[in-house]
Amino acid sequence: MLKEITGQYNAGEIESKIHVFWDGIDAYSKVRQRRMGAKRFFFVDGPPYTTGHIHLGTAWNKIIKDSILRYRSMNDYHILDRAGWDMHGLPIEVKVEEVLGFTSKKDIERYGVGNFIEKCKEFALLQKDDMTRQFHSLGIWLNWKDPYMTLRDEYIEAAWWTLKQAQQKDLLEEGKRVVNWCPRCETAIADSEVEYEERVDPSIYVKFRLKNEPGTSIVIWTTTPWTIPSNIAVAVHPSFEYSKVKAVTSSGESEILIMASSLVKDVLKKGRYADFKILDTMLGEDLTTLEYEHPLADQIPKQARFRHNVYLADFVTAENTGCVHIAPGHGMDDFEVGVKHGLPIFCPVGPDGRYTEEAGEYTDMHIREANKVVVENLKERGLLLAEGTISHRYGHCWRCKTPIIYLATRQWFLKISELKEQMLSEIDKVVWYPEWAGSARFRDWVEGARDWCISRQRYWGIPIPVWRCTECERIDVIGTKLELLERSGLAGGIELHRPYVDSVTLTCECGGKMRRVEDVFDVWFDSAVASWATLNFPHQKDELEKWWPADFITEGHDQTRGWFYSQLGASMVAFGRAPYKSVLMHGFTLDVEGKKMSKSLGNVVQPSEVIGKFGADTLRAYVLSSSAPWEDLKFSNDEIANVHRTINILWNVYRFPLPYMALDAFDPSDVTLESVKPHMRSEDRWILSRMQSVIRSVDSAMETCMLQKAVRNINDFVLEDLSRWYIQLIRPRTWVEADDPDKIAVYRVLYEVFTTLTKVIAPFMPHLAEEMYQNLVRNVYTDAPESVHMNDWPVPDESLIDMDLEQHMKLARSVVEAVSNARQKVGRKLRWPVGRIVVSPPDENAALAVKNLKEVIMDQTNSKDIVLTEVGGSWDELGFSAIPNPGAIGPVFKGDAGKVIAALKQVDAIALKKKLACSEGYELQLADGNIVTIGPDMVSFQETLPELVASASSSAGIVYVDAKLTRELEAEGYSREVIRRVQDMRKEMDLAVEENIRAIICIDDERVVDLVLDLEQLIASEVRADVQIIGFDVEVHGDLVKDWDVEGISMHIGISRS
RNA sequence: GGGCCCGUAGCUUAGCCCGGUGGAGCGCACGGCUGAUAACCGUGAGGUCCUGCGUUCGAAUCGCAGCGGGCCCA
């Protein structure tokens, strides 16, 4: 039996009830099981990092995933959707260090790497559980029971196996690269872990003496004097102009300097030269023949052996001197110049920030102290042109705030640049939503792809499975746990994390002992292998064949350079093709101003706050509907409240007929839709057609990932078609108490629409859909699927679609709105009936719409008749009035103009118009008897409305409302006023709908009493009065007595329970 | 500095691909309805379509340049 719903929409109550229900029957698993054997759909969840809390962006991400997967499932797909977790990496190490009170890598070593790893694991698992609960509250259905986790052995094996593929395909390389380095923490740190802060540094100009031109120097500028000992080259821009300048000091000494022409004045001013003379100018590309002496060659023996030349580089800017100091061991750009030209990657600085023995006299000095010393040494040698300070933004270690340095270190690389062309052609094979996400944005990123540094000198990560022989340096890459056991001769029970795996040694072909290199993987490599790791490959092989590559992934646009890229790179290495077939790139959540949400700005909105206030379905409907997925979402509280209102209306629409259905014991299983067809009215056929059209539009929106269109179409249907129109039309039909086939038809149609609607909203508002479904379907059909989400997606029933009717209804609604407008103009409220409405249709279709839907229009406009004029014609009761044009009359009649105008206003406008239309002039008699001739330019015409008629335009033509009153109309109007007052009082007394009353009505106007008495019976039955006295001078008493003013007439009404 | 995306009423947005009178919702003002009622509905006011230039008979829409915002990079 259908249950009556009386309460307001209470999201919190409904959603927690539904969660209990889902958990109780294990709905998710049942839904997935139900589709086993259907078309396969492999979805890979981009694993969120286990930070412990989700934010609005992660919520949106998962909501998109959930809605698409629910839709797919209903469309009969067997879905594989393990949730994923990214659980390794420095952020967790840092959190754990904080908890343990550690400040450096040495603390970890003292605590024991094994203990530390255990803490990290524990922490990550805890965070994962917290976040799972938060996703749960959003109604996200993924495989949460068996998620893929990057810290699991099977997962680690997937990464190992991938690296082994790289080695076998000669795509793995060990080499020196420059990385961000924290000299205090003694570790490489990722770019995203560098914080930029304002800082004051030295700013020095240094002269490098040319070897073959005594007395000539090239001038460079730097803020890091400590890197001068590592200088190997100078870079200039090929197309800048450079000058050779004779610079003279105040004491008359002169020297020759080389720098960018545009900067000569500035630099010489800094060097306090008294005068200068340009000797020669040349392009940067002409400077490459120059060779200079390292300024500190006498202190650093190794530097004395290197050659130092000038090279060309596009990154050089016309700032400072236009000549850039290059130390390939201490800068990214510098390093590239070095590699390009085969220069030594000289890096005489150790991980602790102290110079190594390679630095000669600087050995063991910390770079922090070195700045001063280097400057001093340069000064002694007469090589310092100028010295000062500069305030600029500089990178700092995010956890200890130490300024970072750049160090060339030995790292492991995947040779992605060799795969670039293949990657680009793979991008074209993937379907991107939107198209430009792939063709423009991702393509651009991949075109700039460089070799991928996959090693980190940390603890909590997937250990790099490279073992190196301590004797012959040979390396072996281990691809699986089994291989490791076989090679090491161990029996098993091994843990693949550090430090356990570090203690495993292998025997080299040469007989030497092989030890694992100490590095762990960059965390981006972890998630990169997700598409096969989630299939437990290589541990299991058959699942890969069955599912891979992924049918669909979706993440935010920041993942262009992140997961979209890392997955593609790893997959090219492993399988030589893209790991996904289609990608939806979604946007970011911004605050209401369009600014990024960040803790420091204090504009972060927590999903839990929103859920607490409005519920998960509202949040879901809001983020899905407010913009296209790929556009950024400006989070607005007003808008979310608006969406909440829409859902509330849906709820009200749903519960509105239930009390009547329950009262009538309506059983939908007894009544087929077919059987009520003879009793359907046009509005019934119309709403059924609209419902089918909505399914179609949702389908076409979903096809292109336009979730916003899908949800908006649903909302519009609920608001416009159901709430504002259909429900308004059928209300009186549901109040009929007898067993009326007309009422049963309405019930059955509403039932049809609602049950379809529960399925249509299921992917987007899964809780509300379930709540409605349980009552509408499960309470009626005990053999129906347990959950709405187990149902098949509705297929539009073509036989119910009637596009003509939909179009006609649109026109009819437009007429009703126009009448509303006209009523307001003529001051006749809706409660008062009008005699007739005249519509002047512009075409046959409009006429047909009005004709066919006459009943609907009469009903909604409270009118007694609808009259159509001829198509394209005008209403024959309209009048015309002539409007004199003084601009044309004045010049012709001069002093008589006033008389002419006065006379024109008096003439018969219709006759005037006729005459002017066919002849040249109209003979007008003035008040003084004179006759003048009026030309067509002297007058214009305007339609005039009969008295008490107002007009308004609609898309079905101009609508005229005739508000003239007759006795019958007036009687009805006043009676309605009386009824409305009594009903209001019934409500105030909190009477039940079916309760009877006694009423006494005193009206202070005999004429109105007389009018109202015409409809005494109607009033009595409408207000359910057993005894009713209406009169001019009656005594009013009762349980509730009130005085009213109706259009200026006093009424005194008293009512009592019967 | 580069790539991509976004910029329409006070706010959130449709329309832009494929040129021809800019359309909603919220808010505001006025009104209606009163058996969905702490609900619902109508009418109205409100727009340099970011700016400038160009193409065109005609530009919110196409092109170029700039400004502002977002993501990514340098």
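Source: prediction; values computed, not measured. Every chain is numbered from 1 and lettered A, B, ... according to where its sequence line falls, protein lines coming before strand lines.
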Out of B/U13, B/A36, B/C71, whichever nucleotide has its closest atom nearest the side chain of A/R712: B/U13

Side-chain contact check for A/R655: nearest option of B/G25, B/C4, B/A36 is B/A36

Measuring from the side chain of A/F588 (C-beta onward, heavy atoms only), which nucleotide among B/C4, B/U37, B/C71 has the closest atom? B/C71

Can you tell me the pairing partner of B/C64 across any strand shown, Watson-Crick or G-U wobble, with both distances under 3.5 angstrom? B/G52

Does A/R831 have a side-chain nitrogen or oxygen under 4.0 Å from the phosphate oxygens OP1 or OP2 of B/U34? yes

Side-chain N or O of A/K709 less than 4.0 angstrom from OP1 or OP2 on B/U13? no

So, is A/R561 close to the B/C73 phosphate, meaning a side-chain N or O under 4.0 Å from OP1 or OP2? yes

Paired with A/H586, the ring pair (Phe, Tyr, Trp, His ring centres under 6.0 Å) test is passed by just one of A/W630, A/W60, A/F564, namely A/W60

Output the single nucleotide from B/A39, B/G3, B/A36 whose closest atom is nearest the side chain of A/I727. B/A36

By nearest heavy atom, map A/Y622 and A/Q728 onto RNA chain B; which one lands nearer the 5' end? A/Y622

A/E435 with A/R441: basic N within carboxylate O range, under 4.0 Å: no

Identify whether any heavy atom of A/S820 sits under 4.0 Å from a base atom; if not, whether one sits that close to sugar-phosphate; answer base, sugar-phosphate or nothing. sugar-phosphate

Student check: side-chain heavy atoms of A/L750 and A/I730 closer than 4.5 Å: yes

Partner of B/C71 under the Watson-Crick or G-U wobble criteria, both distances under 3.5 Å, comes out as B/G3

Is there a donor N/O on one and an acceptor N/O on the other, under 3.5 Å, for the side chain of A/R980 and the base of B/C33? no

Measuring from the side chain of A/W445 (C-beta onward, heavy atoms only), which nucleotide among B/C72, B/C71, B/U43 has the closest atom? B/C72

Check every strand shown and say whether A/D444 touches a base, only sugar-phosphate, or nothing at a heavy-atom separation below 4.0 Å. sugar-phosphate

When both distances are under 3.5 Å in a Watson-Crick or G-U wobble arrangement, the nucleotide paired with B/C28 is B/G44

Flag the pair A/H330 / A/Y406 as yes when their ring centroid distance falls below 6.0 Å, and as no otherwise. no

Can you tell me which nucleotide in B/A39, B/C41, B/U12 comes closest to the side chain of A/S723? B/C41

Taking only side-chain N and O atoms of A/R645, does any of them lie within less than 4.0 angstrom of OP1 or OP2 on B/C26? yes

Listed nucleotide nearest any side-chain atom of A/D632, set B/G32, B/A74, B/G70: B/G70

Only pairs with both distances under 3.5 Å count, Watson-Crick or wobble alike; so what is the partner of B/G20 in this structure? B/C57

Taking pairing as Watson-Crick or G-U wobble with both contacts under 3.5 Å, can you name the mate of B/A39, or confirm there isn't one? none

With the side chain of A/K987 defined as its heavy atoms from C-beta on, choose the nearest nucleotide among B/U13, B/C26, B/U37. B/U37

Paired with B/C33: which nucleotide, if any, by Watson-Crick or G-U wobble criteria at under 3.5 Å for both distances? none

Toward the 5' end of RNA chain B, by each residue's nearest nucleotide, A/A437 or A/K829: A/A437

Between A/R724 and B/A36, does any side-chain N or O lie under 4.0 Å from OP1 or OP2? no

Please determine whether any donor N or O and acceptor N or O are separated by less than 3.5 Å between the side chain of A/E639 and the base of B/G25. yes

Is A/K634 salt-bridged to A/E639, going by a charged N under 4.0 Å from an acidic O? no

Quick one: does any side-chain atom of A/R823 pair with a main-chain N or O of A/K829 as donor and acceptor, under 3.5 Å? yes

